[in-house]
Amino acid sequence: MGAHGYLRYVALGDSQTEGVGDGDDLTGLRGWADRLAEHLARTGPEVRYANLAVRGRLAGEVRTGQLPAALALRPDLATVVAGVNDLLRPGFDADETAGHLEAVFAALTAQGARVATLTFPDVGRLTPLARPLSPRVHALNDRIRQAARRHGVTVAETAHHEVVTDPRLWSADRLHASPLGHARIAAAVADALALPSSDDTWTRPLPPLPVPTRLTAAAGELAWAGSFLGPWIARRVRGRSSGDGRIAKRPGLLPVERRGE
């Protein structure tokens, strides 16, 4: 067993935990949970890791579709990150969403797992068109913190740090982290868990970017709306999800392939 003391790590969640934005379906998705597992494996090569996350899943779907499988794997470490798909829906209810997450926290911690989660950055700081969602993000984060305290869940507080809204940490769709963003999320969770060789360097800002002109910024917003916002709305209208027909990429506990950055 490595210095961290974990042998079985199971990740639950949606597209961020699946790894969307870090690789692709042809080359394979890596993502922050894979990167966290690699961190664990550096001091504990016997670590086994499963990733049950599927893109598009709501918090309630994580609870009903992933929690039973996670409990069957009897993890000693689990990460639970979901809720963004909920807050993007017209009928979002922060209490209901957090209630599903709390049920997952409760079940895993009752079985003896160390559980970690994170707070979400304000999407209104990523794109002006998303500013109406800011109160939802704050409401969900507050409830995640409260539920985490009740069950002894570790929270990586990514919401508070300015660097998390740096566009270089996000993919072109502004919903999923870039490879650099996934690396920072993994580092944030490792830091919150106080894993060996972790620290708070993930909070440090990147070198400043040139300030875009108003015309450039407006053109960027229009391009984003046409390329990503429009198709997302169209899927919602048709009742479809990006995760339709998909299954977990790593449903069983397997050895971790350690990769460099």
Side-chain angles (χ1 to χ4, degrees), residues 9 11-22 29-40 51 53 55 57 59 62 77-88 92 94 97-98 101-102 104-105 114-127 130-131 133-149 151-171 173-195 197-206 209 261:
Y9 166 39
L12 300 84
D14 53 28
S15 55
Q16 292 286 26
T17 301
E18 184 185 352
V20 174
D22 190 8
L29 297 175
R30 191 180 185 189
W32 72 264
D34 284 25
R35 292 171 180 270
L36 180 64
E38 292 160 20
H39 187 126
L40 293 168
N51 189 321
R55 67 193 70 180
R57 294 299 187 257
V62 171
L77 174 65
T79 54
V80 181
V81 178
V84 170
N85 290 314
D86 299 77
L87 69 83
L88 294 173
F92 171 68
T97 300
L101 295 174
E102 182 161 7
V104 179
F105 295 165
R114 175 82 179 274
V115 178
T117 189
L118 52 81
T119 52
F120 301 111
D122 181 354
V123 290
R125 292 163 61 196
L126 297 173
T127 177
R131 283 174 185 159
L133 296 174
S134 294
R136 295 184 173 195
V137 177
H138 297 310
L140 181 57
N141 282 341
D142 286 343
R143 285 159 178 79
I144 287 172
R145 294 182 186 105
Q146 293 164 15
R149 282 195 294 270
H151 299 281
V153 170
T154 299
V155 180
E157 283 284 2
T158 64
H160 293 328
H161 299 283
E162 190 67 29
V163 70
V164 302
T165 59
D166 189 303
R168 287 164 288 188
L169 268 60
W170 295 89
S171 296
D173 65 8
R174 303 182 190 174
L175 289 174
H176 299 101
S178 66
L180 178 58
H182 278 283
R184 292 273 178 134
I185 296 170
V189 178
D191 182 29
L193 289 167
L195 296 181
S197 302
S198 65
D199 54 37
D200 66 353
T201 55
W202 65 271
T203 66
R204 295 178 185 172
L206 299 172
L209 286 169
E261 295 301 316

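No hydrogens, no waters, no symmetry mates; every other heavy atom, side chains included, goes into these values.
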**Student:** Less than 4.5 Å apart, side chain to side chain, heavy atoms only: is that true for Leu36 and Leu195?
**Tutor:**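 Counting from C-beta outward, Leu36 and Leu195 do come under 4.5 Å.
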**Student:** Using a 3.5 Å distance criterion without hydrogens, assess whether the side chain of Arg184 forms a donor-acceptor pair with backbone atoms of Leu180.
**Tutor:**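 Side chain of Arg184 to backbone of Leu180, a donor-acceptor pair under 3.5 Å: no, none is there.
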**Student:** Within the structure provided, determine whether Thr97 and Leu87 are in side-chain contact (heavy-atom separation under 4.5 Å).
**Tutor:**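 Heavy-atom side-chain distance check fails, nothing below 4.5 Å.
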**Student:** Checking Asp86 side chain against Ala59 main chain: does a donor-acceptor pair fall under 3.5 Å?
**Tutor:**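 Checking the backbone N and O of Ala59 against the side chain of Asp86, a donor-acceptor pair under 3.5 Å is found.
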**Student:** So which heavy atom on Thr154 is nearest to which on Ala192, and how close?
**Tutor:**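 Reported closest heavy-atom pair: CG2-O, 3.4 Å.
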**Student:** Mark yes or no for whether Arg143, through its side chain, and Ala98, through its backbone, hold a donor-acceptor pair below 3.5 Å.
**Tutor:**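 No; zero donor-acceptor contacts below 3.5 Å.
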**Student:** Can you see whether His176 engages Ser15 through a side-chain donor-acceptor pair at a distance of less than 3.5 angstrom?
**Tutor:**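 Looking only at side-chain atoms, Ser15 and His176 do form a donor-acceptor pair, the distance falling under 3.5 Å.
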**Student:** Looking at every non-hydrogen atom in both residues, tell me the closest pair between Leu169 and Val163 and how far apart they are.
**Tutor:**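 Looking at all heavy atoms of both residues, the shortest contact is CD2-O, 3.5 Å.
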**Student:** Nearest 0.5 angstrom please: His160 NE2 to Thr203 OG1, how far?
**Tutor:**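 The NE2 atom of His160 sits 12.5 Å away from the OG1 atom of Thr203.
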**Student:** What is the distance from atom CG of Asn51 to atom OH of Tyr9, rounded to the nearest 0.5 Å?
**Tutor:**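 Going from CG on Asn51 over to OH on Tyr9, the span is 7.0 Å.
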**Student:** Could you tell me whether the side chain of Phe120 reaches within less than 4.5 Å of the side chain of Val164, counting heavy atoms only?
**Tutor:**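 No; the side chains remain at least 4.5 Å from each other.
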**Student:** How close do Ser171 and Ala177 get, heavy atom to heavy atom, and via which atoms?
**Tutor:**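 Distance-wise, the nearest heavy atoms are OG-O, 3.1 Å.
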**Student:** Do the side chain of Ser134 and the main chain of Asp122 share a donor and acceptor less than 3.5 angstrom apart?
**Tutor:**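 Such a contact is absent between Ser134 side chain and Asp122 backbone.
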**Student:** What are the two closest non-hydrogen atoms of Thr17 and Leu12, and how far apart are they?
**Tutor:**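 Looking at all heavy atoms of both residues, the closest pair is OG1-O, 3.9 Å.
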**Student:** For the residue pair His39 and Val189, establish whether any side-chain heavy-atom pair is separated by less than 4.5 Å.
**Tutor:**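 SC-SC contact between His39 and Val189 ruled out.
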**Student:** What are the two closest non-hydrogen atoms of Asp199 and Thr201, and how far apart are they?
**Tutor:**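 Closest heavy-atom pair between Asp199 and Thr201: OD1-OG1, 2.6 Å.
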**Student:** Just by modelled atom types, is the Gly31 backbone N or O under 3.5 Å from a matching donor or acceptor in the Gln16 side chain?
**Tutor:**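 Not at all, since once roles are kept as given, no pair shorter than 3.5 Å links the two residues.
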**Student:** Taking all atoms of both residues into account, what is the closest heavy-atom pair of Trp170 and Thr165, and its distance?
**Tutor:**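 Heavy atoms only, the tightest pair is NE1-CA, 4.2 Å.
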**Student:** Examine distances only and state if a side-chain atom of Thr158 and a backbone atom of Thr119 form a donor-acceptor pair shorter than 3.5 Å.
**Tutor:**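 Yes, Thr158 side chain to Thr119 backbone: donor-acceptor pair under 3.5 Å.
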**Student:** Is a salt bridge present between Arg57 and Glu18, judged by a nitrogen-to-oxygen distance below 4.0 Å?
**Tutor:**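 The answer is no: the pair does not qualify as a salt bridge.
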**Student:** Tell me, with the steps shown, if Glu157 and Arg145 meet side chain to side chain contact (heavy atoms under 4.5 Å, CB included).
**Tutor:** CA-CA 9 Å; Glu157 283 284 2; Arg145 294 182 186 105; 2.6 Å; yes
